[in-house]
Amino acid sequence: MDRYNPQEIEKRWQGIWEEEGLFRVEERKDRKKYYLLEMFPYPSGRIHMGHVRNYSIGDVLARFMRMRGYNVLHPMGWDAFGLPAENAAIEHGVHPARWTYENIAYMKEQLRRMGFSYDWSREITTCNEDYYRWGQWFFIKLYEKGLAYRKLSVVNWCERCQTVLANEQVEDGRCWRCGEEVGYRELPQWFFRITAYAEELLEGCERLRGAWPEKVLTMQRNWIGRSEGAEVFFPVEGREVKITVFTTRPDTLYGATFMALSPEHPLVPDLVESPYKRDLPSILESYRKAARAREVEYEKEGFFTGSYAVNPLTGERIPIYVANFVLMEYGTGAIMCVPAHDQRDFEFAKRYGLPLRVVIQPEGGELTPATMEEAYEGDGRVVNSGPFSGLQNREAMKRIIRYMEEKGIGKGAVSYRLRDWGISRQRYWGTPIPIIYCDGCGTVPVPEDQLPVILPKDVEFRPGGSPLTQERGFYETTCPRCGKGARRETDTMDTFVDSSWYFLRYTSPHEEKGPFRKDAVEYWMPVDQYIGGIEHAVLHLLYARFFTKALRDIGLIDVDEPFARLLTQGMVCKEIIRCPEDGYLLPDEVDGDRCRRCGRRVEKGPVEKMSKSKKNIVDPDEMIERYGADTTRLFTLFAAPPERDLEWSDEGIEGAYRFLNRVWRLVMDSLPLIEGVSPFRGGRLDGDLKEIRYRVHLTIKRVTEDVGERFHFNTAISAVMELVNALYQWDKGRDDLSRSVLREAVETVILLLHPFVPHITEELWKRIGNTPPLLEREWPAYDEEALRRERVLVVVQVNGRVRSRIEVPADATEEEVREAALSDEKVKGWIEGKGIRKVVYVPKRLINIVAG
RNA sequence: GCCCGGGUGGCGGAACAGGUAGACGCAGGGGACUUAAAAUCCCCUGGGAGUUUCUCCCGUGAGGGUUCGAUCCCCUCCCCGGGCACCA
């Protein structure tokens with residue numbers, strides 16, 4: 001008998017699948033579709049275990065759904081624009097295109113060797129002209145709809161990446177990609193008006209409940225940050241202007257004792273009187289710096305402008321301050337300050353000796369300004385508020401808003417934390433923004449028939465600015481409107497734009513007349529199951545949702561949400577090893593518990609996300625070489641449920657390999673018994689045969705539910721392991737009936753395992769005399785008859801504690817079970833001398849006798 | 001500070017709708033096979049105790065509650081991971 005040889009088997013089957021075009025799909029209106037998508041990778045050079053895990057999870061579902069009769073779209077591609085390619089060009093002189101395409105070639109080969117069932121005929125590469133031209137086309141559509149606009153704004157700037165970052169791309173004041181501290185610049189920037197969809201994006205979060213992880217929805221809700229309140233218009237004393245403030249607490253309007261403006265508020269220069277006027281620029285700059293540095297907590301500072309505002313509700317005059325804690329980006333950049341009922345205002349008021357006025361009294365409390373040590377922000381009864389005094393504050397809120405609306409001095413309003421999406425990037429390796437600036441005609445979009453604006457290949461890469469700004473041949477152009485000389489936009493788009501619609505392009509990737517075929521989108525969309533990392537919870541997933549809605553409103557598609565269900569898989573982690581002298585170590589730099597270099601004792605742990613710098617990575621290539629793709633897949637699927645972090649273990653992958661060998665031997669050892677035999681198809685069985693068949697069908701049921709309903713691949717695999725164990729222990733008979741039952745069992749093991757380990761199962765399927773490919777076999781259905789039991793085990797509890805177990809006929813009545821339980825010797829001992837107060841019976845499971 | 005997850009044997013993890021806690025795997029122990037080792041196959045493996053073919057007690061982060069019965073529901077608290085955080 002030959003041994004399990006994964007390298008040989010895997011290579012062979014991958015070749016056959018490819019030749020036969022097994023994974024190719026087309027629209028088939030007569031069949032139910034299933035669109036399964038995993039987040040496409042950035043072509044960084046090699047795949048890592050995170051990819052292996054992500055794509056293994058996806059492949060199980062793709063193959064499973066296919067076997068269940070669905071027409072499965074399972075595509076793959078490359079998020080191919082981005083900074084690393086350009087940095088490689090600057091550092092090593094390799095052209096970004098070459099770097100990218102070479103990486104893609106290598107990674108594609110790696111994915112092929114994993115045996116993933118992708119329809120490669122639909123491959124997408126975002127840096128290809130035939131892809132990005134449609135990104136440009138969308139840009140123009142958005143521009144025409146008023147959803148893309150340009151404005152001068154202070155933007156996040158990463159010095160290392162030499163480009164701006166969207167708000168979503170700044171984490172703890174640092175660049176999401178390189179970790180550099182983020183600075184600020186004032187630049188004209190292109191924006192997508194994602195805020196126009198704030199409300200719909202938020203509502204969508206409610207509709208996605210249960211289908212997306214709650215965690216992701218919470219993060220998106222937080223990011224959108226809706227708050228309800230009112231806008232109030234405060235006239236400025238002695239001037240024509242009014243200052244609008246946003247507040248969530250219109251019920252405290254009578255307690256406003258001053259107003260504060262953001263240092264960046266446009267009215268500041270006008271309102272400020274001497275002596276501050278002279279120093280204004282330097283003061284503002286210092287505030288800006290402090291605020292932007294995002295120091296955990298900086299002191300609240302400010303100064304009096306010398307001007308006064310009038311509270312429109314009371315007619316009272318209140319001083320206008322400039323305060324460093326007021327953000328220009330949120331609300332209107334101006335606030336009314338109610339120090340008695342807002343902690344920030346309270347702190348500011350204390351520092352500058354501004355008065356407090358209590359307008360909300362808590363239940364049973366008596367606040368007095370003189371004794372307050374902090375603001376009271378809770379609910380209560382309204383006081384000192386003219387006609388509104390005496391009301392509950394919640395009620396007062398509504399009435400004050402209504403009153404202000406009647407008088408035209410304010411209105412109910414909603415404010416969002418979400419900002420528009422800044423998409424300009426001052427870099428080369430991205431989709432050029434299709435805009436031309438003409439002195440005469442202004443901002444002119446490139447006409448559709450002149451698309452794409454091609455990214456010039458022959459440019460020079462130097463540290464600093466984008467090569468496009470040096471490239472006359474690129475930026476010197478003529479105005480499409482007047483024909484005079486004009487200048488092309490040299491910024492490129494954020495690469496998140498490319499990934500905001502790639503899932504649409506997969507439906508008809510070779511379409512030349514448009515970004516996709518409408519009928520193809522109608523057939524395939526939405527994505528039924530999307531799988532990827534949690535790191536895109538707000539970035540990619542929010543942008544893609546926005547883009548989908550925007551394209552819908554332009555009339556291009558008919559879907560509201562791109563991803564019907566979302567699975568966010570956990571990280572792949574491994575224990576780190578550290579030497580006090582030499583830092584992080586690779587496993588083979590350690591001898592026992594000592595460092596090979598310096599001989600010191602090393603520290604093991606904790607378990608952390610795999611990263612090159614911590615030297616705790618495991619290379620997929622090595623695993624494929626040593627154990628094969630099937631083992632690598634099996635381990636990542638078995639070690640933890642998909643949404644949890646996975647801890648890599650060298651012993652664990654050995655165990656997975658051992659199991660596959662065990663399956664191999666089971667089938668090969670059974671071969672003489674099952675060759676030429678047809679599998680058992682139902683009918684009466686007794687004894688061990690009945691028991692084996694029961695277990696076979698129980699396993700089918702468990703695996704089908706675990707994979708199809710719960711995505712618990714680890715328990716699905718363990719169910720098959722149990723069946724394999726049972727088959728090993730079964731003393732197999734040589735009669736025809738035993739052989740056919742064995743055949744059914746063996747075929748079931750192979751079929752159930754196929755989505756997890758496609759190569760070995762394909763090989764075994766063929767070896768037992770069946771016709772491949774397995775993917776075109778129907779997923780087994782369980783036989784209810786086989787699952788029916790004649791006798792069942794019922795647990796007997798006395799006062800809630802397990803005291804005995806009895807076997808009763810499956811159709812026994814409660815009365816019969818009760819009789820049997822009460823006559824059980826052990827049970828008798830526990831209820832002796834006590835009265836039976838109650839009996840709880842759970843059919844076929846448990847009976848609890850309450851005695852006492 | 002606020003909001004989401006999560007805390008179960010030596011370890012990764014099971015227990016799906018409140019009903020036998022610890023499936024399956026890893027690690028460990030024992031046995032079979034072998035001249036031997038590896039591989040393989042079989043058995044044992046939460047802790048404690050006893051009258052040890054069996055039985056009892058404890059046990060799912062801690063304490064309380066609801067219930068015939070709680071890993072699961074409720075309250076209070078502790079710890080770990082993640083997100084947001086001067087957002088008016």
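We name chains A, B, ... by the order of the sequence lines, and we start the count at 1 in each one.
Geometric assessment of Lys300(A) against the ring of Phe348(A) yields a negative cation-pi assignment under the 6.0 Å and 45° thresholds. Relative to the six-membered ring of Tyr841(A), Arg818(A) misses at least one condition, a distance below 6.0 Å or an angle of at most 45° to the axis.
With hydrogens and angles ignored, the 3.5 Å screen pairs no side-chain donor or acceptor of Arg662(A) with any backbone N or O of Asn725(A). For Arg791(A) (side chain) and Glu807(A) (main-chain N/O), a donor-acceptor pair under 3.5 Å exists by modelled atom type. Counting only distance, with no hydrogens or angles, the side chain of Trp664(A) and the backbone of Asp2(A) share a donor-acceptor pair below 3.5 Å.
Residue Lys215(A) is the one, among Lys215(A) and Asn222(A), whose nearest nucleotide of RNA chain B lies closer to the 5' end (criterion: closest heavy atom). Along RNA chain B, the nucleotide nearest Phe638(A) and the nucleotide nearest Leu793(A) are compared for position; the residue whose nucleotide lies closer to the 5' end is Leu793(A).
The distance between atom CD of Gln220(A) and atom C1' of C3(B), rounded to the nearest whole Å, is 15 Å. Rounded to a whole Å, the CG atom of Leu253(A) is 16 Å from the P atom of A88(B). Nucleotide C26(B) holds its P atom 15 Å from the CH2 atom of Trp648(A), rounded to whole Å. The CD1-C1' distance, from Ile224(A) to G83(B), rounds to 14 Å in whole Å. Rounded to a whole Å, the CZ atom of Arg801(A) is 9 Å from the C1' atom of C56(B). Atom CD of Glu722(A) and atom C1' of A15(B) are 12 Å apart (whole Å). In this structure, Leu637(A) atom CG and A14(B) atom C1' are separated by 17 Å, rounded to whole Å. Atom CZ in Phe713(A) sits roughly 22 Å away from atom P in G12(B) (whole-Å rounding).
The residue Arg803(A) sits close only to the backbone: its heavy atoms come under 4.0 Å of sugar-phosphate atoms, none of a base. Looking at heavy-atom distances under 4.0 Å, Ser227(A) makes contact with sugar-phosphate atoms alone, never a base. Gly655(A) comes within 4.0 angstrom of sugar-phosphate atoms only, judged by non-hydrogen atoms across all strands, and of no base. Among the heavy atoms of the strands lying under 4.0 Å from Val795(A) is at least one base atom, whether or not backbone atoms are also near. Residue Arg837(A) is out of contact with every strand shown, counting any heavy-atom pair closer than 4.0 Å. Within the nucleic acid shown, Val245(A) has no heavy atom closer than 4.0 Å to any nucleic acid atom. Looking at heavy-atom distances under 4.0 Å, Thr247(A) makes contact with sugar-phosphate atoms alone, never a base. Within 4.0 Å (heavy atoms only), Val802(A) reaches sugar-phosphate atoms of the nucleic acid but no base atom. The residue Pro641(A) sits close only to the backbone: its heavy atoms come under 4.0 Å of sugar-phosphate atoms, none of a base.
With hydrogens and angles ignored, a donor-acceptor pair under 3.5 angstrom links the side chain of Asn848(A) to the base of C68(B).
Atom name C1', nucleotides C75(B) and A70(B): the rounded distance is 15 Å, in whole Å. Between the C1' atoms of G25(B) and A62(B), the separation comes to 31 Å (whole Å).
The side chain of Lys826(A) contributes an N or O atom lying less than 4.0 Å from OP1 or OP2 of U55(B).
Scored by the ring-ring contact (aromatic ring centres under 6.0 Å, His included) test, Tyr657(A) finds Tyr627(A) as partners (sequence neighbours excluded).
Ring pair His341(A)/Tyr376(A) is perpendicular by interplanar angle, where above 60° counts as perpendicular and below 30° as parallel.
Minimum atom distance to the side chain of Arg644(A) is reached by G13(B), of the listed A15(B), G13(B), C68(B).
In textbook terms, a nucleotide whose glycosidic angle is within 90° of 0 is syn, and G9(B) is one such case. For U52(B), the base is syn relative to its sugar; the glycosidic angle is within 90° of 0.
Annotation: Arg394(A), atom CZ; neighbour count of heavy atoms from other residues, nucleotides and ligands within 6.0 Å does not exceed 12.
Residues Lys350(A) and Glu374(A) are not paired through a salt bridge, judged by the lack of any N-O separation under 4.0 Å between the basic side chain and the carboxylate.
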Dot-bracket notation for RNA chain B is requested: 5' to 3', Watson-Crick or G-U wobble pairs only, both distances under 3.5 Å, with ( ), [ ], | and . as defined.
(((((((..(((......[....))).(((((.......))))).(((((...)))))..(((((..]....))))))))))))....
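Contact detail for Asn54(A) and Gly532(A): the closest heavy-atom pair is OD1-CA, 3.6 Å.
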I'd like to know whether Lys701(A) forms a salt bridge (charged side-chain N to carboxylate O under 4.0 Å, His left out) with Glu705(A), so could you lay out the CA-CA distance, the side-chain angles of the two residues, the decisive distance to 0.1 Å, and finally the verdict.
CA-CA 6 Å; Lys701(A) 185 170 195 274; Glu705(A) 287 170 0; 3.6 Å; yes
Heavy-atom protein contacts under 4.0 Å, nucleotides 37-45 of chain B, coded B base, S sugar-phosphate only, - none:
---SSSS--
